[in-house]
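All remarks here apply to the structure that follows.
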Amino acid sequence: MKIDLVTIFPGILDGPFRESMIQRAVDKGLVEINLVDLRSYTHDRHRQVDDTPYGGGYGMILKPEPLFEAVEDLRNRSGPGESRVILLTPQGNLFNQGFAWRLAEEKHLILICGRYEGVDERVRTSLVDEEISIGDFVLTGGELAAAVVVDAVVRLLPGFIAEEASENESFTGSLLEHPHYTRPPVFRGMEVPSVLLSGNHGEIARWRRQQSLKRTFERRSDLLDQAELSPDDKLYLETIKNQES
Ligand code: ADE
């Protein structure tokens, strides 16, 4: 996979991709990540990427010319129809794990980091395939949102982590994860549940499933509506509900 990030602040994105697991994915050749400075697609002396809004009002708007030129240049470097152009904006569709899985199938992502009060509407209507928001809050720009999206997508690429690990985790099957413990078995009087030390894999799997169900019920019961539940799961949920009432 190739990911191009179009931004006027490449420095913001330097850190997140030059450290830890994402850097390892780059080193392994699973993904190529390019920071593209929007100003390199300007032609005037001031390298102007934004301008005041027509009709008046507060703030600056990203101009269409450099964005169109940048995206067209980046798109031409892939085969026809092989790139997906995404704008990070609080007005976009809400990002979630399903979204991440879908993007992980793409060959070439071009992420445009919005800035200031917005981008010229013609960028939205004629350049961008999809708009993504990472949550109902407003950041100063799309860079940190793009970093979140890239992180969530790259860790799903084949070869990044054991497939089993990403399939078992929160949200994939619409349940939150069970609690985790590591050594020591007793810490400041707090004990690891004995079932985890039992070596009985059947019992451990059952305990984990029930803990996932319990945690999801307590924290995010909305997720249970989409979860695939076995008759045993349903029975267990009934037991917890009855205990509560
Ligand atoms: N840019 C500013 N706020 C944002 C958000 N919540 N999601 C994506 N891009 C943004």
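Ligands are counted one by one from 1 in listed order, and the atoms in each one are counted from 1 as well.
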How about [X] and [Y]: do any of their side-chain heavy atoms sit closer than 4.5 Å?
X      : Y      : answer
Ile22  : Val31  : no
Val149 : Leu109 : no
Leu5   : Ile110 : no

Report task. Consider only side-chain N and O atoms of Gln23 and Asp27, and report whether a donor and an acceptor are under 3.5 Å apart. Result ->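 A donor-acceptor contact under 3.5 Å links the two side chains.
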Quiz item: Would you say the side chains of Asp233 and Ser230 form a donor-acceptor pair under 3.5 Å?
Solution: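 Checked: Asp233/Ser230 side chains pair up, N/O donor to acceptor below 3.5 Å.
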*Between Glu121 and Arg124, does a salt bridge (Lys or Arg N to Asp or Glu O under 4.0 Å) hold up when you go through it step by step?*
CA-CA 5 Å; Glu121 188 64 14; Arg124 290 179 191 280; 3.3 Å; yes
Give every pair made of an N or O atom of ligand 1 and a protein N or O atom lying under 3.5 Å apart, one pair per line with both atom names and the distance to 0.1 Å, or write 'none'.
unit_1   : atom_1 : unit_2 : atom_2 : d
ligand 1 : 3 (N)  : Leu139 : N      : 3.0
ligand 1 : 6 (N)  : Gly135 : O      : 3.2
ligand 1 : 6 (N)  : Phe137 : O      : 2.8
ligand 1 : 7 (N)  : Ile134 : N      : 3.0
ligand 1 : 9 (N)  : Thr89  : N      : 3.1

